S.K.: 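Pasting a structure below so you can have a look.
The figures here come from the full heavy-atom set of this structure, side chains too, leaving out hydrogens, waters and symmetry mates. Computed from a predicted structure; not experimentally measured. Both counts, for ligands and for their atoms, begin at 1 and track the order of listing.
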Amino acid sequence: MIILRTINDVSRYVSEQKGRGASVGLVPTMGALHAGHISLVEKAVSENDVTVVSVFVNPTQFNNPDDLASYPRKEEDDFKLLASAGASAVFAPSVEEVYPGGPSAQPQHVFDLGMAAEVMEGKYRPGHFQGVAQIVSKLFRIVNPDRAYFGEKDFQQIAVIRNMIKSEGINVDIVACPIKRADDGLALSSRNALLSPEQRKVAPEIHAALKDSVEYSLSHSVRATHDSVVERINAVPHLEVEYFEIVDARTLATIDEWDESPWVVGCITVYCGKVRLIDNIAYRLPKD
Ligand code: PAF
């Protein structure tokens, strides 16, 4: 596995690979890698001749400076994990390399991300998805991948990225990969490393509440299901729901009745102490 630090180096590497007919998969990450990321890398390795993994904590998608400062960084461990997962190259640039002169010196471009970017994370983290679109579109233009891999824990992010490639005219297959969980059900996240032992003990209650609510939803209304999840999680010490929305998975618009959409997902964000955890669950899935 080669480690590339500059845009020129990664562009040259990808052009050489494409020149010899190789297909290229890209796995964008912010590092502090866990088994969820590694499952994306392994899938990319199995589907492409060459897999490039980017490791870059993108400052423009953080609306809270403390969150950016405390985001875990473990570059050496990440590189070892990526090498053993079979990645061909890692692109780990500096902030100056990606945003010469600093993030605020960049040309202003407002991405058309549709309604999917306005709700849930879009509402609670203003500017977050513009920052995600800024870095992901840059990576797509630099690496020019055939396929790009994203985890379904960030369900809304995938919808927003699909809208972004449409509005920007970028041609890439977006591959959505299932959530990886710890044995106790907690969705794997780089932020889990920030939990205290006590917080880590209660955090699985988020998935437990969501999972049990699927059964409950078969005999209860959308509103009752929503409220039962929020009440159960808020009753757990250290946990506080920021939002829980039951949405049409195609548009991310909230639904009032189960039969409004064939594909219904519940998306949740919960503060566990100061750590913001997200998760989601499917209530209804399309038949095919
Ligand atoms: O999901 C993430 O880790 C980030 O939002 C991404 C896609 C790597 C962009 O910085």
Side-chain angles (χ1 to χ4, degrees), residues 4 7 10 25-41 43-44 51-65 67-75 77-79 81-82 85 87 89-95 97-99 103 106 109 111 113 116-117 120-122 124-143 145 147-165 168 170 172-180 187-194 267 269 275-280:
L4 303 163
I7 293 172
V10 77
L26 171 68
V27 185
T29 81
M30 296 206 295
L33 303 178
H34 50 68
H37 295 111
I38 297 307
S39 72
L40 306 184
V41 176
K43 188 160 169 63
T51 294
V52 178
V53 181
S54 61
V55 174
F56 179 66
V57 181
N58 174 39
T60 69
Q61 69 188 76
F62 286 81
N63 55 319
N64 173 349
D67 192 21
L68 173 60
S70 66
Y71 200 85
R73 291 159 170 88
K74 304 178 172 176
E75 198 177 81
D77 294 348
D78 289 346
F79 292 174
L81 285 172
L82 292 174
V90 52
F91 176 44
S94 64
V95 172
E97 176 69 14
V98 176
Y99 300 121
Q106 304 311 299
H109 173 68
F111 292 87
L113 305 174
M120 301 191 287
E121 292 298 284
Y124 286 89
R125 300 183 71 188
H128 168 65
F129 284 127
Q130 286 294 323
V132 170
Q134 183 181 29
I135 186 63
V136 173
S137 62
K138 233 179 218 293
L139 290 169
F140 285 172
R141 291 202 165 100
I142 295 167
V143 177
R147 299 178 195 85
Y149 296 77
F150 297 90
E152 283 182 334
K153 180 173 72 64
D154 298 293
F155 191 85
Q156 184 176 8
Q157 173 170 272
I158 296 177
V160 169
I161 289 170
R162 286 192 201 282
N163 287 351
M164 182 275 285
I165 61 170
E168 293 290 306
I170 298 173
V172 54
D173 264 357
I174 303 296
V175 184
C177 305
I179 301 177
K180 281 274 171 199
L188 296 186
S189 163
S190 305
R191 292 174 195 273
N192 294 352
L194 304 173
C267 298
T269 292
V275 186
R276 201 169 175 274
L277 300 176
I278 71 173
D279 204 343
N280 61 76

S.K.: Based purely on interatomic distance, does Thr29 place a nitrogen or oxygen under 3.5 Å from a nitrogen or oxygen of ligand 1?
M.R.: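 Among all N and O atoms of Thr29, none is under 3.5 Å from an N or O of ligand 1.
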S.K.: Report yes or no: does Arg147 contribute a side-chain atom to a donor-acceptor pair with the main-chain N or O of Pro145 at less than 3.5 Å?
M.R.: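 Checked: no pair found.
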S.K.: Counting distance only, does the side-chain N/O of Glu97 pair as donor-acceptor with the main-chain N or O of Ile7 below 3.5 Å?
M.R.: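 Pair found, side chain donor or acceptor close to backbone of Ile7.
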S.K.: Of the options Lys43, His37, Lys153, which is the one that meets Cys177 in a side-chain contact (heavy atoms from CB on, under 4.5 Å)?
M.R.: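 By the side-chain contact (heavy atoms from CB on, under 4.5 Å) criterion, Cys177 pairs with just one of Lys43, His37, Lys153: Lys43.
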S.K.: Between His128 and Gln156, do the side chains contain a donor N or O and an acceptor N or O under 3.5 Å apart?
M.R.: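 No - no donor-acceptor pair under 3.5 Å links their side chains.
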S.K.: Look at the side chain of Ser54 and the backbone N and O of Phe91, then say whether any donor-acceptor pair between them is shorter than 3.5 Å.
M.R.: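 No, because the side chain of Ser54 does not come within donor-acceptor range (under 3.5 Å) of the backbone of Phe91.
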S.K.: Nearest protein heavy-atom contact for atom 10 (O) of ligand 1: which residue, which atom, what distance?
M.R.: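 Nearest neighbour among protein heavy atoms for atom 10 (O) of ligand 1, to 0.1 Å: Gln61 OE1, 2.6 Å.
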S.K.: I need the nearest protein heavy-atom contact for atom 3 (O) of ligand 1: residue, atom name and distance, please.
M.R.: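 Checked against all protein heavy atoms, atom 3 (O) of ligand 1 sits closest to Met30 CG, 3.7 Å.
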S.K.: For ligand 1, which atoms have a heavy atom of Ile135 less than 4.0 angstrom away?
M.R.: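 The atoms of ligand 1 under 4.0 Å from a heavy atom of Ile135 are 9 (C), 10 (O).
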S.K.: Return the closest protein heavy atom for atom 7 (C) of ligand 1 as residue, atom name and distance.
M.R.: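 The answer is Gln157 NE2, 3.5 Å.
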S.K.: Quick one: which ligand 1 atoms are inside 4.0 Å of a heavy atom on Pro28?
M.R.: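 Here the atoms of ligand 1 in question are 8 (C).
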